[in-house]
Amino acid sequence: MQIGLVGLGKMGGNMRERLRNAGHTVIGYDTNPEKSDVATLADLVNQLEAPRTVWVMVPAGDPTQHVIDRLADLLKPYDTVVDGGNSRWTDDEKHAEELSKRGIGFVDAGVSGGVWGLKNGYALMVGGEKEYVDRLRPIFEALKPEGPYGFVHAGRVGAGHFAKMVHNGIEYAMMQAYAEGWELLEAVDSVDNVREVFRSWQDGTVIRSWLLDLAVNALDEDEHLETLRGYAQDSGEGRWTVEAAIDNSVPLPAITASLFSRFASRQDDSPQMKMIAALRNQFGGHAVESAKKA
């Protein structure tokens, strides 16, 4: 099958290679000419045979909107656009409506796999009309891991990115649990081989997972994580998950707490902890520490 791929960063570039390894023809475009197969987005569209499929792998928000607006002018009826980035599901509904006015199909694809996807395959959560999803089955089959799992047609437009959003929310909470457990083990005197405790959990325990394997990899590289700063960014999907929970009155205490923990990681001297220390001193006479002078 022939497909155009817009955005050849870490994910997009590896997806291009995996598809080519599976025998598909991929024409890639990137604003970095060293990565790109063609000079312009128009060149990409012109080299594709109708009905065309263009898969977009660029950052969510304005960059995705810009590419889809341009493709709306370049593509023809019966062509299809796939948004495989981390767009908000509400944007999918908007994009599908805009493209449908020109007879162009739209599919949203939540993609998980990161830098390991080239070797292991990508988990795909897809939303859109069955007609367009079925047309793209050969592409999905090539990208997904081998075996029966790793692909789902989650529902109508927006369902793919909504499912990926929830997936990432769960990921936030799982990582937070591993991180808290690691910090507690490091804090006590009785455990003097924290890395090997984590390694021992990789088989035969109910908390074994790929994330645990990655944690062990990280500890092998830096046993006490001494070279890292305690700062964690969030991609936005954690926030969207919490917002969706509020909109649907669904309690998500673990995921919400993990998101707020990331916010706390960005504070060198937490204002909240200052208030807590002050209150503990007021009601219980607990000692407080003076702020360091600049």
Side-chain angles (χ1 to χ4, degrees), residues 2-20 24-48 52-75 79-100 102 104-118 122-128 132-133 136 139-140 142-144 157-165 167-168 233-240:
Q2 191 184 54
I3 188 170
L5 185 58
V6 180
L8 302 171
K10 291 180 181 179
M11 288 276 281
N14 283 344
M15 289 170 65
R16 173 175 62 175
E17 186 174 348
R18 185 172 175 88
L19 287 170
R20 286 176 174 172
H24 296 287
T25 299
V26 184
I27 301 171
Y29 170 72
D30 194 275
T31 53
N32 181 349
E34 295 181 0
K35 298 178 180 180
S36 194
D37 300 321
V38 291
T40 67
L41 198 56
D43 290 340
L44 179 147
V45 171
N46 290 335
Q47 290 190 30
L48 294 173
R52 304 167 187 83
T53 296
V54 180
W55 189 303
V56 180
M57 287 295 292
V58 301
D62 290 341
T64 294
Q65 184 67 60
H66 173 75
V67 172
I68 289 179
D69 287 345
R70 184 76 178 111
L71 288 173
D73 293 331
L74 294 169
L75 295 175
D79 292 343
T80 307
V81 173
V82 182
D83 180 4
N86 284 329
S87 294
R88 189 184 175 99
W89 79 96
T90 49
D91 289 343
D92 297 326
E93 296 167 352
K94 174 175 176 286
H95 295 152
E97 182 178 359
E98 291 170 348
L99 292 170
S100 68
R102 305 185 182 221
I104 302 168
F106 178 83
V107 171
D108 59 287
V111 182
S112 179
V115 297
W116 297 84
L118 173 59
Y122 300 89
L124 303 169
M125 295 142 272
V126 174
Y132 301 118
V133 173
L136 289 162
I139 298 298
F140 297 142
L143 288 173
K144 68 179 283 295
V157 165
H161 279 143
F162 194 94
K164 176 57 165 45
M165 177 194 74
H167 165 282
N168 280 24
Q233 189 57 268
D234 69 285
S235 64
E237 289 181 298
R239 302 183 189 213
W240 299 342

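All values reported here derive from a predicted model rather than from experimental measurement.
- To the nearest 0.5 Å, atoms CD (Gln2) and CG (Leu19) are separated by 12.5 Å.
- Within the 4.5 Å cutoff, the side chain of Met11 has heavy atoms near those of the Tyr122 side chain.
- Salt bridge status for Asp92 with Lys164: absent, with no side-chain N to carboxylate O gap under 4.0 Å.
- Partners of Trp89 by ring pair (Phe, Tyr, Trp, His ring centres under 6.0 Å), not counting sequence neighbours, listed by chain and number: Phe162.
- Of all heavy-atom pairs between Val54 and Leu44, the closest is CG2-CD2, 4.0 Å.
- Heavy-atom minimum distance, Ala42 versus Arg70: CB-NH2, 4.3 Å.
- A distance of 11.5 Å separates CE of Met15 from NE2 of His24, quoted to the nearest 0.5 Å.
- In this structure, Thr90 OG1 and Trp240 CH2 are separated by 7.5 Å, a value rounded to the nearest 0.5 Å.
- Looking only at side-chain heavy atoms (C-beta outward), Arg102 and Asp73 come within less than 4.5 Å of each other.
- Taking the side chain as every heavy atom from C-beta outward, Val157 and Glu97 never approach each other to under 4.5 Å.
- A donor-acceptor contact shorter than 3.5 Å is absent between the side chain of Asn86 and the backbone of Ala60.
- Note that CD1 of Ile27 and CG of Asp43 are 10.0 Å apart. Values are rounded to the nearest 0.5 Å.
- Side-chain contact annotation: Asp91 with Ser87, donor-acceptor N/O pair under 3.5 Å absent.
- Counting heavy atoms from C-beta outward, Thr80 and Leu136 have side chains that approach closer than 4.5 Å.
- Looking only at side-chain heavy atoms (C-beta outward), Arg239 and Arg88 stay at 4.5 Å or farther from each other.
- Checked by atom type and distance alone, the side chain of Asp79 never pairs as donor or acceptor with a backbone atom of Ile104 at under 3.5 Å.
- Between Gln47 and Asp37, the closest side-chain pair of non-hydrogen atoms is not below 4.5 Å.
- Between His95 and Thr64 there is a side-chain heavy-atom pair separated by less than 4.5 Å.
- The closest donor-acceptor contact from the side chain of Arg18 to the backbone of Leu143 lies under 3.5 Å.
- Side-chain contact between Trp55 and Thr53 is absent, with no heavy-atom pair separated by less than 4.5 Å.
- Here the shortest heavy-atom pairing between Ile3 and Leu48 reads C-CD2, 3.8 Å.
- When all heavy atoms are compared, the tightest approach of Tyr132 to Gly105 is CZ-CA, 3.4 Å.
- Of the possible polar contacts, none joining the His167 side chain to the Val111 backbone as a donor-acceptor pair under 3.5 Å is found.
- Judged by distance alone, the side chain of Arg16 and the main-chain N or O of Val26 form no donor-acceptor pair under 3.5 Å.
- Taking the side chain to side chain contact (heavy atoms under 4.5 Å, CB included) definition, one finds that Lys35 meets it with Leu8, Asp30, Asn32, sequence neighbours left out.
- When all heavy atoms of Val58 and Val6 are compared, the closest pair comes out as CG1-O, 3.8 Å.
- For the residue pair Ser36 and Gly28, the shortest heavy atom distance occurs at OG-O, 3.5 Å.
- The distance from the CG atom of Asp69 to the CD atom of Gln65 is 4.5 Å, given to the nearest 0.5 Å.
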